[in-house]
Novice: 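Sharing a structure here in structure tokens format.
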Amino acid sequence: MSAMEGSGCSKLFSFPEDQLHLHDAALDLIRAASNLQIVAIMGDGRAGKSHLGNEILGQQAFKTSNGGDAMTHGVDIALQGNKLLMDCEGLNNALAPSRAQVLQIGAALASTLIFVLDGKLSEAGLDMLSGVIAQMQLHHKRLPTRLLLVVNKCLLDYEPRDLETALESTHGNRGSREAIARAFSQRDFVVVPFEEFKKGGYQQAVNELNRLTAQDTLKVDGPQLSETIRSLAVQLRDSICDMPSLHQQIMERFLQTQADAVLQNFSESLGPKPVEYDPEFNIDISGSLKSFEDIVQNLSLGEVAEPLAKRLRTNLEASAGEWRRSNEALGDSIANWREVLRRGCHLLASKRIGARIVVQRKQDLSPFLASSNVIRLDPPVPLSVRWMWHHFHPHLNRESHDFAAVVRDGLVVAVRVAAPALPAGIQPPRGNARHRGALSVSLRSDAWVAVVSEERGETSVACAGELWDAGSSFPNDQNYEAQEQQRRNILMGLKLLWESRRISSWARGRVHSLKELWVWDGKAKDEQSGLEAESRHHKSKDGAKSHAEQKLRSALQGQGIIWDFPPSAL
């Protein structure tokens, strides 16, 4: 039995009668595998490539010998775990052919290229590697993303940086050096000495080769790779090999898998769609994009990855946009304005942003809006949570956030409405000026007021001259009459209604003229304030008294001493 037979090695490509032949048995092995890391070994013929492959695998997979004849014809493969090692026939061997198809196969399929030189880092070796690059460029082919340049069976003391020194050198074939530097941004230099030359150096070099090989992160599934190999065989056999599509196909499939995984992880991280509007809602796609860019950067796949990166950005934006739109829809909803007001107050309270919203009921609130500072909205603006956020946030609306907004039937009709002062005799409620102003409005009108406290992060309601406990439900219009009676009782107790005042009135008759001999002059006086009003020249005593009382009532209202019920003025 030969070293190849029963050793874990399989023939992938051979060239009987110089015609390319694909072996189905090897293809079946690849098809059954998954998550494959693909490494190709190329370089000088009889430089020990197959032997190094065995060392990397830790087993005698590839056939070796000490003779001058080539041991590898075409491409042999060995599969160990998820590592697929391709042993390619050697170059620069006078006793064996060097086929361009083998170069194309190795470069098209592998993501890591181990290029082996015999004995030393030579000018001829660099030229040979640049020749591989030229062969690939001839077919517009992108090379493997990682280069491990190995000097095998070495009797010289090289330094780790000697490859870079050689590539930076100005002597020799400068074009070869520049081609290698451009082609492989990820490159390492490994020297494998004879064990007799450097004690322990051989195993140390093999360990380093294994370590560097393991750094390749590009993985391909077996079924996908087998399809690509079969397609490659057809194209090579027919001599119409379009190399850009071959390597690019592998890379794009790999990157597409990575992009799909990034998008999937991003979508899962979003969780359920928002159920409450969040004005600070933000979905950052930069982290997901960076994770994909890191893969691209590590594999030096910039040009291949650009379309996928753009598509990934578009998909991430689309996914994020769906959540943003859901959030904005919650903020812009105007259905059921009482629920909108509740949600808006809850949001402002959670962010400790103060607010005051006056809700008009049956009574006209025009007297509250008489100030020149008030802004009437024409047409009115539908109340929404987003509107409340932008209006009452102190950093977004410095001019108006401290004032009240007036809402009628779910529409904001006025903003920048100042709070009237509390009447004398009313105990100041808990809270600050917003709560005092809200209580005053609820006494002076049938409106109720929602108040958000920035100090305590809670929502209260002022209704019918009473500040309800934080968290109370909004007033129900079914209780309107009872609430109005409560307000009347409070105002009566405070002597703020006409009927609660002690009013004295009288009339006195006098002669006016020959045509109108007798007329009546009336007077009325508010006993608490001492304010008086007079009305002259009436035909009857009762008429004189009644008109004087009306003038006194207007005077008391004008000075804010009494409020009509409902008040006609403030």
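Heavy atoms only: backbone and side chains are in, while hydrogens, waters and symmetry mates are out. Numbers here are sequence positions counted from 1.
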Novice: Measure the spacing between CG of Asp521 and NE2 of His547 and express it to the nearest 0.5 Å.
Specialist: 12.5 Å

Novice: Do Asp216 and Thr112 have a side chain donor and acceptor closer than 3.5 Å?
Specialist: yes

Novice: Check for a donor-acceptor pair, side chain of Arg352 on one end and backbone N or O of Glu455 on the other, with a separation under 3.5 Å.
Specialist: yes

Novice: So does Pro223 get a backbone contact from the side chain of Ser226, meaning a donor-acceptor N/O pair under 3.5 Å?
Specialist: yes

Novice: Holding to side chain to side chain contact (heavy atoms under 4.5 Å, CB included), I want the full list of residues that pass it with Ala464, two or more places apart in sequence or in another chain.
Specialist: Gln483, Gln486, Arg487

Novice: Report the distance from atom OG of Ser185 to atom CG of Leu147, rounding to the nearest 0.5 Å.
Specialist: 10.5 Å

Novice: Does any part of the side chain of Leu552, heavy atoms only, come nearer than 4.5 Å to the side chain of Leu531, both counted from C-beta?
Specialist: yes

Novice: Kindly write out the residues that satisfy side chain to side chain contact (heavy atoms under 4.5 Å, CB included) with Asp477, not counting sequence neighbours, or none if the list is empty.
Specialist: Arg361

Novice: Taking the side chain as everything from C-beta on, heavy atoms only, tell me whether Ile114 gets closer than 4.5 Å to Val39.
Specialist: yes

Novice: Side chain to side chain donor-acceptor pair (under 3.5 Å) between Glu527 and Ser504: does it pass, once the steps are laid out?
Specialist: CA-CA 7 Å; Glu527 298 296 340; Ser504 301; 2.3 Å; yes

Novice: Return yes if some donor-acceptor pair links the side-chain N/O of Asp188 with the main-chain N/O of Leu148 below 3.5 Å, else return no.
Specialist: no

Novice: Rounded to the nearest 0.5 Å, how far does CD1 of Ile283 lie from CG of Leu316?
Specialist: 10.5 Å

Novice: With the side chain counted from C-beta on, respond yes when Leu308 and Phe292 share a heavy-atom pair under 4.5 Å apart, and no when they do not.
Specialist: yes

Novice: In a table with atom names and distances, give each donor-acceptor pair under 3.5 Å that connects a side chain of residues 263-271 to protein atoms at least two apart or in another chain.
Specialist:
residue : atom : partner : partner atom : Å
Gln264  : NE2  : Glu268  : OE2          : 2.8
Asn265  : ND2  : Ala261  : O            : 3.3
Ser267  : OG   : Leu263  : O            : 3.0
Ser269  : OG   : Phe266  : O            : 2.6

Novice: Pairs in or reaching into residues 322-335: which pass salt bridge (charged side-chain N to carboxylate O under 4.0 Å, His left out), with residues at least two apart or in two chains?
Specialist: Lys273-Glu322, Glu317-Arg324, Asp332-Arg386

Novice: For Phe392, is there any backbone N or O sitting under 3.5 Å from a side-chain donor or acceptor partner on Asn397?
Specialist: no

Novice: Calculate, to the nearest 0.5 Å, the distance between atoms SG and CG belonging to Cys463 and Asp446 respectively.
Specialist: 9.0 Å

Novice: How about NE2 on His393, more than 12 heavy atoms from neighbouring residues, nucleotides or ligands closer than 6.0 Å, or not?
Specialist: yes

Novice: When you measure from the side chain of Ser291 to the backbone of Ser288, do you find a donor-acceptor pair of N or O atoms at a distance under 3.5 Å?
Specialist: yes

Novice: Taking Ser440 for the side chain and Pro420 for the main chain, is one N or O donor matched with an acceptor at less than 3.5 Å?
Specialist: yes

Novice: For Gln215 and Gln186: C-alpha separation, side-chain torsions, deciding distance, then whether side chain to side chain contact (heavy atoms under 4.5 Å, CB included) applies.
Specialist: CA-CA 11 Å; Gln215 290 180 356; Gln186 297 183 69; over 6 Å; no

Novice: Between Lys290 and Glu293, does at least one N-O distance fall below 4.0 Å, as a salt bridge requires?
Specialist: no

Novice: Could you report the tightest heavy-atom contact between Ala309 and Leu289, atom names first, then the distance?
Specialist: O-CD2, 4.5 Å

Novice: Using every non-hydrogen atom in the two residues, find where Ser384 and Gly331 come nearest and quote the distance to one decimal.
Specialist: CB-O, 3.3 Å

Novice: Tell me, with the steps shown, if Asn373 and Phe403 meet side chain to side chain contact (heavy atoms under 4.5 Å, CB included).
Specialist: CA-CA 10 Å; Asn373 293 324; Phe403 297 92; over 6 Å; no

Novice: Val385: which residues meet the side chain to side chain contact (heavy atoms under 4.5 Å, CB included) condition with it, sequence neighbours left out?
Specialist: Tyr277, Val340, Arg343, Leu347

Novice: Are the side chain of Gln37 and the backbone N or O of Asn82 linked by a donor-acceptor pair below 3.5 Å?
Specialist: no

Novice: What pairs of residues pass the salt bridge (charged side-chain N to carboxylate O under 4.0 Å, His left out) test when at least one of them lies in residues 279-288, not counting sequence neighbours?
Specialist: Glu280-Lys351

Novice: With sequence neighbours left out, which residue pairs that include part of residues 396-416 fulfil the salt bridge (charged side-chain N to carboxylate O under 4.0 Å, His left out) condition?
Specialist: Asp402-Arg434

Novice: Provide the closest heavy-atom pair for Ala544 versus Ala507 in the form atom of the first, atom of the second, distance.
Specialist: CB-CB, 4.2 Å

Novice: Just wondering, more than 12 heavy atoms not from Ile375 lying within 6.0 Å of its CD1?
Specialist: yes

Novice: Is there a donor-acceptor pair closer than 3.5 Å between any side-chain N or O of Asn327 and the backbone N or O of Trp323?
Specialist: no

Novice: Check for a donor-acceptor pair, side chain of Asn35 on one end and backbone N or O of Lys219 on the other, with a separation under 3.5 Å.
Specialist: no

Novice: Does the side chain to side chain donor-acceptor pair (under 3.5 Å) test come out yes or no for Ser505 and Glu549, once each step is laid out?
Specialist: CA-CA 7 Å; Ser505 60; Glu549 289 174 358; 2.7 Å; yes

Novice: How far apart are the closest heavy atoms of Gly106 and Ala40, and which atoms are they?
Specialist: O-CB, 4.0 Å

Novice: Mind checking what makes side chain to side chain contact (heavy atoms under 4.5 Å, CB included) contact with Thr314, not counting sequence neighbours?
Specialist: none

Novice: Would you call Glu227-Arg31 a salt bridge at under 4.0 Å N-O?
Specialist: no

Novice: Taking the basic N atoms (NZ, or NE/NH1/NH2) and the acidic carboxylate oxygens, is any pair closer than 4.0 Å for Glu164 and Arg177?
Specialist: no

Novice: Carefully, step by step, assess Ile229 and Ile30 under the rule side chain to side chain contact (heavy atoms under 4.5 Å, CB included).
Specialist: CA-CA 10 Å; Ile229 293 173; Ile30 292 173; 3.6 Å; yes

Novice: Determine which pairs satisfy ring-ring contact (aromatic ring centres under 6.0 Å, His included) with at least one residue from residues 452-493, sequence neighbours left out, and list them in order.
Specialist: Trp448-Phe474

Novice: Sequence neighbours left out, what passes salt bridge (Lys or Arg N to Asp or Glu O under 4.0 Å) with Arg502? Give chain and number order.
Specialist: none

Novice: Output the distance between atom CG (Asn315) and atom NZ (Lys310), rounded to the nearest 0.5 Å.
Specialist: 14.5 Å

Novice: Taking all heavy atoms of Gly437 and all of Ala419, pick out the closest pair and write down the distance.
Specialist: CA-CB, 3.4 Å

Novice: Please check if atom CD in Gln478 has more than 12 non-hydrogen atoms from other residues, nucleotides or ligands closer than 6.0 Å.
Specialist: no

Novice: Determine whether a donor-acceptor pair (N or O, by modelled atom type, separation under 3.5 Å) exists between the side chain of Ser546 and the backbone of Gly543.
Specialist: no

Novice: What residues, two or more places apart in sequence or in another chain, satisfy salt bridge (Lys or Arg N to Asp or Glu O under 4.0 Å) together with Asp526?
Specialist: Arg501

Novice: Rounded to the nearest 0.5 Å, how far apart are CD1 of Ile561 and CG of Leu496?
Specialist: 10.5 Å

Novice: With distance as the sole criterion, is a donor-acceptor pair present between the side chains of Glu458 and Ser453 under 3.5 Å?
Specialist: no

Novice: If you compare all heavy atoms of Ser500 against all heavy atoms of Lys495, which two are closest, and at what distance to 0.1 Å?
Specialist: OG-CA, 3.0 Å

Novice: Quick one: ring pair (Phe, Tyr, Trp, His ring centres under 6.0 Å) partners of His391, sequence neighbours excluded?
Specialist: Trp387

